[in-house]
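All ligand and atom numbering here is 1-based and tracks the order in the structure. Basis for what follows: all heavy atoms, side chains included, without hydrogens, waters or symmetry-related copies.
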Amino acid sequence: MNQPSVLFVCLGNICRSPLAEAALRAEAVAAGLAITIDSAGTGAWHAGNPPDPRAIAEAARHGIDISGYRARQVREDDFRHFGQIFALDPQNLRDLKRIAPGSLLGRARARVSLLMDLVPGREGSAVIDPYGGTEEDFAAVWDDVTTAVRQLVARIGR
Ligand code: 4NP
């Protein structure tokens, strides 16, 4: 069986999707699962930049160093390379579906869905964009992405 591969996508790839990436990396290690994991943004404004300092601080509170992560924009090849692509909010999901290579011509294999759809009772909901917010908003992002990736690890692990 191919190793599972997961890409998280938000808008800037400096706040939410790096935290989702970090949370899944930690949970995969804890569960002893080998998973290819990355994150990207639908936008390119922050490409090459490290995560937002508040995201770095939030990950550090959980013992994880994400200061070496660098933002990048999602690309067509991601839809072939990754088995699953999770959008952090419904707008990211709409944008991803617009960016996805045509399903008839492309060899897209990625399943594209909303991250919070993994969490019973949270289907259809966003991981709220914390960019214009406070430290507490980053803590709420951590809680959401951790809850979601635990569901994912349970699913991959069985
Ligand atoms: P992210 O947050 O999508 O969670 O990385 C944002 C980062 C940057 C911007 C918006 C959201 N921005 O407008 O630059």
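- Each of N49, N13, D38 was evaluated against R72; a single residue qualifies, D38, per the side-chain hydrogen bond (donor to acceptor under 3.5 Å, both in side chains) test.
- Residue C15 has at least one heavy-atom neighbour below 4.0 Å for each of these atoms of ligand 1: 1 (P), 2 (O), 4 (O), 5 (O).
- Polar contact with ligand 1: absent for S17 (N/O pair, distance under 3.5 Å).
- Here the CG atom belonging to N92 is positioned 8.0 Å from the OG atom belonging to S17, to the nearest 0.5 angstrom.
- No side-chain donor-acceptor contact under 3.5 Å links Q151 to the backbone of V149.
- Taking the six-membered ring where tryptophan is involved, the planes of H62 and W142 are essentially parallel, since the angle between them stays under 30° and well short of 60°.
- Those atoms of ligand 1 that come under 4.0 Å of a heavy atom in L11, given as number and element, are 3 (O), 10 (C), 11 (C).
- At under 3.5 Å, not a single nitrogen or oxygen of P130, backbone or side chain, sits near a nitrogen or oxygen of ligand 1.
- The minimum heavy-atom distance between S125 and L114, with the atom names listed, is O-CD2, 3.5 Å.
- Protein heavy atom at the shortest distance from atom 6 (C) of ligand 1 is Y131 CB, 3.6 Å.
- The N/O atoms of W45, backbone and side chain alike, include none that comes under 3.5 Å of an N/O atom in ligand 1.
- Looking at ligand 1, you won't find any N or O of C10 less than 3.5 Å from one of its N or O atoms.
- Nearest heavy atom pair, residue T36 against residue Q3, reads OG1-NE2, 3.1 Å.
- The hydrophobic cluster containing Y69 also contains V6, counting ILVMFWY residues as joined when their side-chain heavy atoms lie under 4.5 angstrom apart, directly or transitively.
- Shown in contact with H46 at under 4.0 Å from a heavy atom are these atoms of ligand 1, numbered in order with element: 8 (C), 12 (N), 14 (O).
- Atoms of ligand 1 lying under 4.0 Å from any heavy atom of D129, numbered from 1 in the order shown and given with element: 2 (O), 6 (C), 10 (C), 11 (C).
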